[in-house]
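Okay, so here's the structure we're looking at.
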Amino acid sequence: MGKEIPTRSEDYSSWYNELVKKADLAEHSDVRGCMVIKPYGYSIWEKMQQALDKMFKDTGHVNAYFPLFVPKSMFEAEEKNAEGFAKECAIVTHYRLKSDPKNPGKLMVDPDAKLEEELVVRPTSEAIIWSTYKKWIQSYRDLPILVNQWANVVRWEMRTRLFLRTAEFLWQEGHTAHATSKEAVDETVQMLNVYAEFAERFMAMPVIKGRKSEGERFPGAVDTYCIEAMMQDGKALQAGTSHFLGQNFANAFDVKFATKEGKLDHVWGTSWGVSTRLMGALIMAHSDDDGLVLPPKLAPIHVVIVPIFRNEEELSKITVEVDKMAKTLRDAGYTVKFDNRDTQKPGFKFAEWELKGVPVRLAIGPRDLENGTVEVARRDTKTKEVMKLTDVATAIPKLLDDIQENIYKKAHAFRESMITRVDTYDEFKKVLDEKAGFVLAHWDGTPETEAAIKEESKATIRCIPLDAPEEAGKCIYSGKPSSRRVLFARAY
RNA sequence: CGGGGCGUAGCGCAGCCCGGUAGCGCGCCACGUUCGGGACGUGGAGGUCGUAGGUUCGAAUCCUGUCGCCCCGACCA
């Protein structure tokens with residue numbers, strides 16, 4: 001009927017696009033490259049925010065908010081960072097419109113309202129934040145500063161895709177300042193671990209932790225760490241990054257502190273972020289041809305209850321049972337939706353809630369009332385069983401845990417099956433073309449080789465995995481010696 | 001920025017080549033029958049055909065301009 005989506009094998013790309021729209025997650029806005037995140041999609045993002053925010057607080061961070069606008073001179077202070085983002089910045093040049101004398105009823109930019117200094121719409125906030133930190137920091141006693149902000153940023157991308165890459169997106173960016181290099185590095189790694197834990201425990205999405213090559217590093221960072229995930233079409237997706245900024249921003253913004261010894265030193269920094277891109281990752285990690293598959297820990301609705309009834313009387317009898325059951329589940333902390341619409345038939349509701357990825361569906365009809373039973377269907381495996389009404393309270397929590405675990409295991413098994421070790425360039429290209437996924441191969445460590453491989457194969461070095469064992473080998477491209485394998489893939 | 005495609009009812013599309021009363025499916029509204037996997041019947045509402053101009057007796061259709069969006073590539077989280 002009206003809500004079918006293409007299958008993944010037919011056309012992965014339109015499967016994704018249609019799923020995002022049909023599942024009511026988001027839609028294109030009238031503004032190029034921007035999207036409207038719809039209530040159902042936004043509630044998943046809110047779940048992500050809640051979980052992450054707690055993890056940030058638990059590791060000692062606090063939230064703050066910095067401005068959207070960054071004066072151009074401030075933005076350009078850290079040169080590498082500025083250069084890196086320059087070509088995708090939106091710029092505010094004027095502050096007023098006026099009616100257009102040549103076009104009644106229309107407005108025009110008032111040429112008399114030109115800003116003395118242009119304002120850059122933040123593509124990231126290091127500049128405004130470090131210029132602020134300069135005022136906040138005098139002594140080692142002011143350190144560390146552990147601040148996070150939830151915000152929107154704008155990057156004028158040439159090509160956009162819902163959630164994966166939009167001109168404006170939502171994210172969080174942590175910005176910390178420390179007295180020592182070690183402390184900053186530890187923070188960088190700690191937050192990488194927070195992201196990895198979030199991805200695996202909440203999103204049920206296995207990730208590989210690693211370090212970016214020089215070519216893929218965040219502009220202005222000394223070192224960039226990342227988590228990389230594998231999507232069902234064999235393409236990699238960077239799901240989060242954590243940067244050790246060294247003293248680069250402290251140097252650029254002249255942020256110094258008095259040490260215990262009474263000397264002046266520049267502050268050490270980190271920054272780290274994840275964005276609404278995670279929504280794309282979540283969708284592409286688990287969903288199937290029938291629609292979304294959401295991990296219970298991020299699902300806006302855990303259990304949907306569909307009554308099967310022919311008339312008011314039946315519905316009211318069912319409602320009595322459902323109310324009891326729903327209360328028990330809600331008291332246990334689960335979100336329960338009783339879909340008692342009489343305008344849609346059960347089959348329609350089944351399909352709709354499957355499309356929306358609700359982990360568990362209960363169906364209860366006259367037959368169940370007689371038998372004291374309920375039909376329980378799980379979204380991940382699409383299996384159904386009939387259970388006693390009295391068992392629901394204990395069975396559902398277990399079932400939800402099981403679903404959470406099962407989709408993680410499934411994604412993990414898939415990810416493992418999509419890691420291929422190769423030792424020659426021919427093999428490398430063959431795997432990318434015929435199988436895709438991650439490819440573990442030796443690399444000589446030079447940007448030239450990395451660039452050449454990227455140019456020829458479209459694959460990039462996703463990361464140098466943190467757990468990569470020392471292993472002598474030869475670079476697949478140059479034949480030069482290499483001490484460990486790095487992770488290549490074509491990526492989103 | 002290069003290549004391709006599309007703007008016609010809320011959504012998806014046909015009509016355009018060959019100008020002549022604007023159509024189909026879904027959705028929507030009403031009523032009835034239905035209701036354990038996307039119901040059916042009957043009746044009904046809904047469109048400045050993206051936009052500006054031109055050709056013509058007459059333009060969704062032909063011509064010119066323009067705006068926007070989507071997809072593929074280069075760039076990127």
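The analysis underlying the following values was restricted to heavy atoms, covering all of them including side chains, and did not include hydrogens, waters or symmetry mates. Proteins come first, then strands; the chains are lettered A, B, ... in the order of their sequence lines, and each starts at number 1.
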Got a donor-acceptor pair under 3.5 Å from the side chain of Glu354(A) to the base of G37(B)?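 In this structure, the two groups form a donor-acceptor pair.
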Using whole Å, report how far [atom1] of [X] lies from [atom2] of [N].
X	N	atom1	atom2	answer
Lys454(A)	A74(B)	NZ	C1'	10 Å
Leu162(A)	A77(B)	CG	P	19 Å
Phe85(A)	C75(B)	CZ	P	16 Å
Asp24(A)	C11(B)	CG	P	14 Å

Within the structure shown, what part of the strands sits under 4.0 Å from [X] by heavy-atom distance: base, sugar-phosphate, or nothing?
X	value
Leu164(A)	base
Lys87(A)	sugar-phosphate
Ser13(A)	sugar-phosphate

On RNA chain B, compare the nucleotides closest to Arg161(A) and Met158(A); which residue's is nearer the 5' end?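 Its nearest nucleotide lies further toward 5', so the answer is Arg161(A).
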Taking for each residue the nucleotide of RNA chain B bearing the nearest heavy atom, is the 5' side occupied by Lys458(A) or by Thr160(A)?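 Mapping each residue to its closest nucleotide by heavy atoms, the 5'-most match is Thr160(A).
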Residues Ser271(A) and His243(A): side-chain donor-acceptor under 3.5 angstrom: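 On atom types as modelled, these side chains do not qualify, holding no pair under 3.5 Å.
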Donor on one side chain, acceptor on other, Asn148(A) and Gln172(A), under 3.5 Å: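 On atom types as modelled, these side chains qualify, holding a pair under 3.5 Å.
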Does a side-chain N or O from Asn17(A) land closer than 4.0 Å to OP1 or OP2 of C70(B), or not?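 No, no such contact exists.
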Tell me which residues in residues 366-385 of chain A lie within less than 4.0 Å of RNA chain B, going by non-hydrogen atoms.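 Nucleic-acid contacts, sorted: Pro366(A), Arg367(A), Asp368(A), Glu375(A), Lys384(A).
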Kindly state whether the ring of [X] and the ring of [Y] have centres lying under 6.0 angstrom apart.
X	Y	result
Tyr133(A)	Phe253(A)	no
Phe198(A)	Tyr195(A)	no
Phe85(A)	Phe218(A)	yes
Phe56(A)	Trp272(A)	yes

Who pairs with Glu228(A) by salt bridge (charged side-chain N to carboxylate O under 4.0 Å, His left out), at least two apart in sequence or on another chain?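 Per chain and number, Glu228(A) pairs via salt bridge (charged side-chain N to carboxylate O under 4.0 Å, His left out) with Lys212(A), Arg462(A).
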